[in-house]
Amino acid sequence: MRAETVIPCLPCRHLDDVLPFYEALGFEVTYRQERPNPYAAVLRGGIELHFFGVPEFDPAQSMATVVVLVPDTEALHAAFAAGLRRAYGKIPVSGIPRMTRPRRMQGTAGGFMVVDPGGNWVRISRYKDDADEPDPSEGRLARIVATAARQADARGDETAGIRVLENGLARHADAPPAQRLPALVYLAELRLRTGDRDGAAAVLADVETMELTAAERQALAKDLATAVELTADLAR
């Protein structure tokens with residue numbers, strides 16, 4: 001006996017807006033028609049999405065969203081990122097389309113967001129049973145980053161996320177560099193997302209001067225790699 005299956009149907013202006021994007025993410029176009037109405041389906045592993053075209057649709061006004069639960073958000077993000085770099089030369093982090101990075105988020109299992117060219121939010125999250133909480137040894141700033149991610153990534157309110165990070169960094173100005181660095185890198189990313197290139201550059205300059213031990217650099221390798229990518233984005 002087969003289990004139930006739910007397939008989200010998401011809007012777009014034209015099929016050719018969204019299909020190349022999903023192909024870059026590693027999806028296969030399994031169906032497409034133009035008449036009597038534009039309609040298409042894409043599939044990647046156990047993720048199946050359908051799209052319908054509405055020429056007068058405005059992606060910036062879209063409220064469509066779908067939650068995708070996966071066992072490993074990091075692995076899926078890495079695969080998506082590789083495809084986007086091949087197709088676009090970079091990972092788009094602002095505007096439409098865009099993709100955030102995997103993070104813990106307050107009150108959720110954590111994950112990352114993909115906003116496709118149709119303005120649809122695809123929320124990639126870990127199964128709740130696999131969720132973890134910030135380790136107390138990471139310090140209070142780890143929880144502040146999770147709170148900021150809840151605002152900026154999950155809700156799309158980058159201004160609120162920036163405010164949470166700035167207030168947290170000010171309250172914990174005496175935190176060790178290894179605890180401050182993830183919050184600063186995320187702050188730089190959010191400033192870049194909002195078009196504040198000078199602000200992002202200033203934060204990344206602070207990150208560059210931070211003194212870290214070899215062990216700390218190894219533990220913070222992902223954040224340091226993100227800082228390098230953000231610096232490259234600013235140079236473009």
Side-chain angles (χ1 to χ4, degrees), residues 11-14 17-18 20-22 24-25 57-65 77 80-106 110-124 141 144-171 173 180-210 220 222-236:
C12 62
R13 183 176 294 160
H14 302 291
D17 292 343
V18 296
F21 179 80
Y22 280 94
L25 296 181
F57 180 73
D58 181 2
Q61 300 302 315
S62 177
M63 298 181 68
T65 186
H77 182 272
F80 282 4
L84 290 174
R85 289 192 186 99
R86 285 192 297 269
Y88 297 93
K90 65 175 184 178
I91 301 171
V93 297
S94 60
I96 299 175
R98 64 184 182 274
M99 183 172 74
T100 68
R101 293 176 170 83
R103 285 191 179 87
R104 295 185 182 116
M105 297 180 199
Q106 181 189 42
F112 65 97
M113 312 294 160
V114 176
V115 180
D116 72 18
N120 304 298
W121 284 61
V122 183
R123 301 172 183 272
I124 311 294
L141 281 171
I144 287 168
V145 169
T147 301
R150 174 73 169 177
Q151 296 294 326
D153 289 359
R155 296 181 58 195
D157 190 344
E158 284 86 2
T159 300
I162 289 171
R163 185 166 58 249
V164 169
L165 289 170
E166 289 180 337
N167 290 341
L169 285 162
R171 287 200 310 273
R180 289 177 61 81
L181 186 139
L184 287 170
V185 171
Y186 189 28
L187 178 59
E189 179 180 327
L190 293 184
R191 285 183 170 171
L192 184 58
R193 276 198 228 171
T194 58
D196 183 5
R197 297 176 65 86
D198 290 341
V203 174
L204 289 170
D206 289 343
V207 170
E208 182 67 25
T209 62
M210 299 184 87
L220 296 168
K222 290 179 182 177
D223 293 290
L224 291 169
T226 297
V228 171
E229 284 191 6
L230 294 173
T231 300
D233 286 344
L234 285 171
R236 290 188 176 94

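Just so it is clear, the model here is predicted, and its values are computed rather than measured.
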Does [X] have any side-chain contact (heavy atoms from CB on, under 4.5 Å) partners at least two apart in sequence or in another chain, and if so, which?
| X | value |
| --- | --- |
| Lys90 | Asp233, Arg236 |
| Thr231 | Leu204 |
| Thr159 | Asp157, Arg163 |
| Arg155 | Gln151 |

side-chain hydrogen bond (donor to acceptor under 3.5 Å, both in side chains) partners of [X], counting only residues at least two apart:
| X | value |
| --- | --- |
| Arg13 | none |
| Arg171 | none |
| Thr65 | Arg123 |
| Arg197 | none |

Applying salt bridge (Lys or Arg N to Asp or Glu O under 4.0 Å), name anything that partners [X], two or more places apart in sequence or on another chain.
| X | answer |
| --- | --- |
| Arg180 | none |
| Asp116 | none |
| Glu166 | Arg191 |

Give, for atom [atom1] of [X] and atom [atom2] of [Y], the distance between the pair rounded to the nearest 0.5 Å.
| X | Y | atom1 | atom2 | answer |
| --- | --- | --- | --- | --- |
| Arg193 | Ile162 | CZ | CD1 | 9.0 Å |
| Tyr88 | Met99 | OH | CE | 11.5 Å |
| Tyr22 | Cys12 | OH | SG | 9.5 Å |
| Ile91 | Phe80 | CD1 | CZ | 12.0 Å |

* Heavy atoms from other residues, nucleotides or ligands near CG of Asp198 exceed 12 (cutoff 6.0 Å) ->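 No, not enclosed.
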If you compare all heavy atoms of [X] against all heavy atoms of [Y], which two are closest, and at what distance to 0.1 Å?
| X | Y | result |
| --- | --- | --- |
| Pro92 | Leu84 | CD-CD1, 4.1 Å |
| Ile144 | Gly168 | CD1-CA, 3.5 Å |
| Ile96 | Ala60 | CD1-CA, 3.9 Å |
| Leu184 | Val203 | O-CG1, 3.1 Å |
| Met105 | Ala154 | SD-CB, 3.9 Å |
| Ser62 | Ala64 | OG-N, 3.2 Å |

Evaluate the side-chain proximity of [Y] to [X]: yes if any heavy-atom separation is below 4.5 Å, no if none is.
| X | Y | result |
| --- | --- | --- |
| Met113 | Arg103 | no |
| Val115 | Thr100 | no |
| Arg101 | Asp223 | no |
| Leu192 | Ser94 | no |
| Val93 | Arg98 | no |
| Leu141 | Tyr186 | no |

* Asked: For Val114 and Phe21, what are the C-alpha separation, side-chain angles and deciding distance, and is it a side chain to side chain contact (heavy atoms under 4.5 Å, CB included)?
  -> CA-CA 11 Å; Val114 176; Phe21 179 80; 3.7 Å; yes
* Asked: Among all residues two or more places apart in sequence or in another chain, which pass the ring-ring contact (aromatic ring centres under 6.0 Å, His included) test with Phe112?
  -> His77
* To do: Indicate yes or no for a side-chain donor-acceptor contact from Thr194 to the backbone of Leu190 under 3.5 Å, with no hydrogens or angles considered.
  => yes
